[in-house]
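Hydrogens, waters and symmetry mates play no part in the numbers below; they use all other heavy atoms, side chains included.
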Amino acid sequence: QVRLVESGGGSVQPGGSLRLSCAASGFTFSSTIMRWYRQAPGMGRELVAHITRAGGVATYARSVEGRFTISRDNTKNMVYLQMNNLKPEDTAVYYCNANMTDWGQGTQVTVSS
């Protein structure tokens, strides 16, 4: 069965950085488009970034473009989200997603002073 396990969340001050990781198993990772979503309390789930199967193309939500970078390592079945210059509005639970079908458990990111 598919497993997606996020890690790397935490509490940081505005302007700080975090690197989220997602460990994938149970499917052919290299054939799968991967995405990061986030959800703040009382809000819908928002697409943050996506990356193509070979990692050659990435897209970002307007709100994070220039600050976040998605990457993947198909040898290790890992996808990452490097988050720089974090803002309070980035506070949310971040979820790893595979093919818009499978989800991880989420990891909390809190940005506050």
Between atom CZ of Phe68 and atom OG of Ser63, what is the distance when rounded to the nearest 0.5 Å? 7.5 Å

Reported CD-to-OG1 distance for the pair Gln108 and Thr91, which is rounded to 0.5 angstrom: 7.5 Å

CD (Gln82) and CG (Leu18) are apart, to the nearest 0.5 Å, by 8.5 Å

Less than 4.5 Å apart, side chain to side chain, heavy atoms only: is that true for Met78 and Ser21? yes

For Ser113 against Pro14, the heavy-atom pair lying closest together: N-CD, 3.8 Å

Minimal non-hydrogen separation, Val93 against Gly106, with atom names: CG1-CA, 3.8 Å

In terms of hydrophobic clusters joined by side-chain contacts under 4.5 Å, are Tyr80 and Val48 together? no

Counting only heavy atoms not in Arg3, do more than 12 fall under 6.0 Å of its CZ? no

Give the minimum heavy-atom separation between His50 and Ile33, together with the two atoms involved. CD2-CG2, 3.6 Å

Exercise: identify the closest heavy-atom pair between Phe29 and Asn77: CB-OD1, 3.4 Å

Are Tyr37 and Leu20 linked, directly or through other ILVMFWY residues, by side chains that come within less than 4.5 angstrom of each other? no

So how far is it from Leu81 CG to Ser71 OG, rounded to the nearest 0.5 Å? 8.5 Å

Side-chain donor or acceptor of Thr107 paired with backbone N/O of Tyr94 under 3.5 Å: no

If you measure from CG on Asn97 to CG on Leu47, what distance do you get to the nearest 0.5 Å? 8.5 Å

Just by modelled atom types, is the Glu6 backbone N or O under 3.5 Å from a matching donor or acceptor in the Tyr95 side chain? no

Within a reach of under 6.0 Å around CZ of Arg53, are more than 12 heavy atoms found that belong to other residues, nucleotides or ligands? no

Would you say that Trp103 contacts Cys96 through its side chain, given a criterion of any heavy-atom pair below 4.5 Å between the two side chains? no

Got a second to check how far Met34's CE is from Ile51's CD1, nearest 0.5 Å? 9.5 Å

Taking Ser30 for the side chain and Asn74 for the main chain, is one N or O donor matched with an acceptor at less than 3.5 Å? no

Residue that, paired with Met83, satisfies side-chain contact (heavy atoms from CB on, under 4.5 Å) out of Val64, Asp90, Thr69, Val109: Val109

